[in-house]
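Shown next, in structure tokens, is the structure this report addresses.
Just so you know, ligand 1 is whichever comes first in the structure, and atom 1 is the first atom listed for that ligand.
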Amino acid sequence: MTGISAARLALLVGDLSAARRPRYTALADRVRLLVSDGRLPLGARLPAERELALSLGVSRATVSAAYARLREDGWAAARQGSGTYAALPARRVHDAGWRLGAADHGAVDLVHAAPAAPPEVAAAFAAAMAELPRYLPEPGYHSGGLPELRARIAARYTARGLPTTPEQVLITSGALAAIALAFSLLLRPGNRLLVEQPTYPDALAAGRARGAQLVPTALDPETFEEWPTIAVRALRAVRPAVAYLIPDFANPTGRLLGEADRERLSRALRRAGTVALIDESLVELGLDGEPPAPFGVHDPGSIAVGSLSKLFWGGLRIGWVRAEGDVVRRLAANSSAIALAGPVVEQLAACALLDKIDDAREAARARLREGRAALLGALAEQLPAWRVTPPPGGLVLWCKLPGPRSSGVVLEAERLGLRLAAGPLFGTGHVLDDRLRLPFTQPPDVLRRAVHLLARADARAAGQEGPAHPAAPDLVV
Ligand SMILES: Cc1ncc(COP(=O)(O)O)c(C=O)c1O
């Protein structure tokens with residue numbers, strides 16, 4: 001495992017001067033956040049104390065004390081004679097990446113951008129159990145997915161304007177598995193992968209896991225209309241192997257790509273020889289209107305992934321790939337080499353949910369509109385200096401903070417019982433620390449309470465309010 005340079009770690013840690021607690025604690029906290037949300041890979045060697053002290057402009061004693069604190073708490077480990085390495089405390093090993101600590105009961109969770117299961121989900125499982133006896137006499141392995149489910153998903157594409165057969169659909173364990181599967185077919189180490197920036201962090205991780213070189217294209221809610229030009233230019237200049245795009249209510253910006261831009265982008269993709277991987281996980285969540293026809297109408301060679309996690313429930317673990325038949329066959333072969341087939345009951349429940357999708361959509365959209373209004377209202381009242389462009393759909397607001405302090409806000413919020421994902425997670429480098437993603441999937445009263453805590457966390461991170469706990473008196477630097 002490689003190390004991280006002092007200069008880069010200093011950049012990721014940011015300015016410690018506003019911290020009201022002792023600098024060494026503030027530094028240890030920042031490094032802990034970087035390890036826990038995956039920005040600092042496990043096993044990465046931390047810089048020598050003297051070098052980091054120089055890069056941060058603090059004393060060596062401060063870095064020494066911070067490293068000692070990290071080791072004490074299990075976030076770093078010392079190896080005899082070879083330095084200090086990023087580690088995970090033993091009690092955290094079952095948590096994953098940037099959602100670490102998801103099981104902290106009692107905390108308000110604004111990390112997950114996914115709804116609690118609506119009543120339709122339990123009803124769908126009851127319907128699935130009633131259907132199950134018909135399937136029990138067979139072995140239960142349905143490679144590629146249950147034919148009934150593939151047919152329903154194909155029909156939905158056809159209804160949305162992209163004629164699709166069941167053979168063009170492959171069921172996966174959620175959209176992320178679909179993304180990883182597609183990347184494993186399309187990307188070789190060193191290949192370029194064009195992404196929107198910001199984008200969905202786990203897709204970035206899946207690209208990195210394939211050894212891809214990420215090519216970010218800036219997507220700013222205040223200047224959405226500039227992104228297609230930026231993307232077309234990048235396609236021409238870089239000719240990436242793959243472009244991972246979220247045209248419908250993107251996570252985290254909520255951006256909806258218009259029909260003309262889809263057409264323009266498809267032409268540029270064709271010219272560059274780039275395969276588009278289109279993430280449609282949020283396509284059913286238009287809050288102010290319907291999205292245009294699927295991207296595949298313009299770019300028949302593109303591969304789409306979808307999911308029931310955002311409209312229904314992440315616990316279903318139902319996602320899919322939609323592509324040309326030969327691509328689906330190759331993906332299915334790769335997929336069954338890892339998992340022979342998906343679980344039958346969940347797929348039957350998914351069929352029942354899709355049979356009532358129109359009513360469920362209306363109910364979900366009404367809940368989300370209410371959440372969006374509550375969150376926008378509370379932010380305008382309590383954090384008027386933050387800027388937010390109301391998104392036309394999706395599950396989250398992408399907020400602009402008055403300064404680069406999103407990681408600091410996350411740490412302060414954690415102390416107050418509010419869990420957040422820091423802005424830089426959604427980018428490919430150390431950018432976006434002036435951004436924070438806030439999901440509006442929770443009930444309005446929870447959202448208002450969350451913003452109350454957020455305003456306190458923001459004031460502390462900006463150095464305008466005292467520390468959450470009395471400062472430890474043991475080291476003054
Ligand atoms: C854009 C996007 N794609 C994919 C996923 C993963 O969805 P699934 O639960 O189906 O794996 C998410 C969930 O956060 C998402 O926001």
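- For ligand 1, the atoms lying closer than 4.0 Å to a non-hydrogen atom of Arg317 are 8 (P), 9 (O), 11 (O).
- Cation-pi geometry between Arg150 and Trp320 is not met at under 6.0 angstrom from the ring centre and within 45 degrees of the axis.
- Proximity of His112 to ligand 1 is not established, as no heavy-atom distance is less than 4.0 Å.
- With hydrogens and angles left out, the side-chain atoms of Glu280 and Tyr157 include a donor and acceptor closer than 3.5 Å.
- Contacts of Asp279 with ligand 1, taken as heavy-atom pairs under 4.0 Å, involve the side chain alone.
- Scanning Phe249, Tyr244, Tyr200 for the heavy atom closest to atom 6 (C) of ligand 1 points to Tyr200.
- Pairs of residues two or more places apart, or lying in two chains, never qualify as salt bridge (Lys or Arg N to Asp or Glu O under 4.0 Å) while including a residue from residues 111-122.
- Under a 4.0 Å criterion applied to the non-hydrogen atoms of Asn251, ligand 1 contributes the atoms 1 (C), 15 (C), 16 (O).
- Side-chain contact between Val238 and Leu194 is absent, with no heavy atoms from C-beta onward closer than 4.5 Å.
- Within ligand 1, the atoms closer than 4.0 Å to a non-hydrogen atom of Ser307 are 8 (P), 10 (O), numbered from 1 in the order shown.
- Set against the non-hydrogen atoms of Lys310, the atoms of ligand 1 under 4.0 Å away are 12 (C), 13 (C), 14 (O), 15 (C), 16 (O).
- Taking CZ of Arg456 as the start and CG of Leu383 as the end, the distance is 13.0 Å to the nearest 0.5 Å.
- The distance criterion of under 3.5 Å between nitrogen or oxygen atoms is not met by Ile179 with respect to ligand 1.
- Counting heavy atoms closer than 4.0 Å to ligand 1, residue Ser309 contributes side-chain atoms (C-beta onward) but none from N, CA, C or O.
- There is no side-chain donor-acceptor pair under 3.5 Å between Ser184 and Arg210.
- Inclusion of Ala113 in the set of residues having an N or O under 3.5 Å from an N or O of ligand 1 is not warranted.
- Ala114 is linked by a side-chain contact (heavy atoms from CB on, under 4.5 Å) to Lys310, counting only residues two or more places apart in sequence or in another chain.
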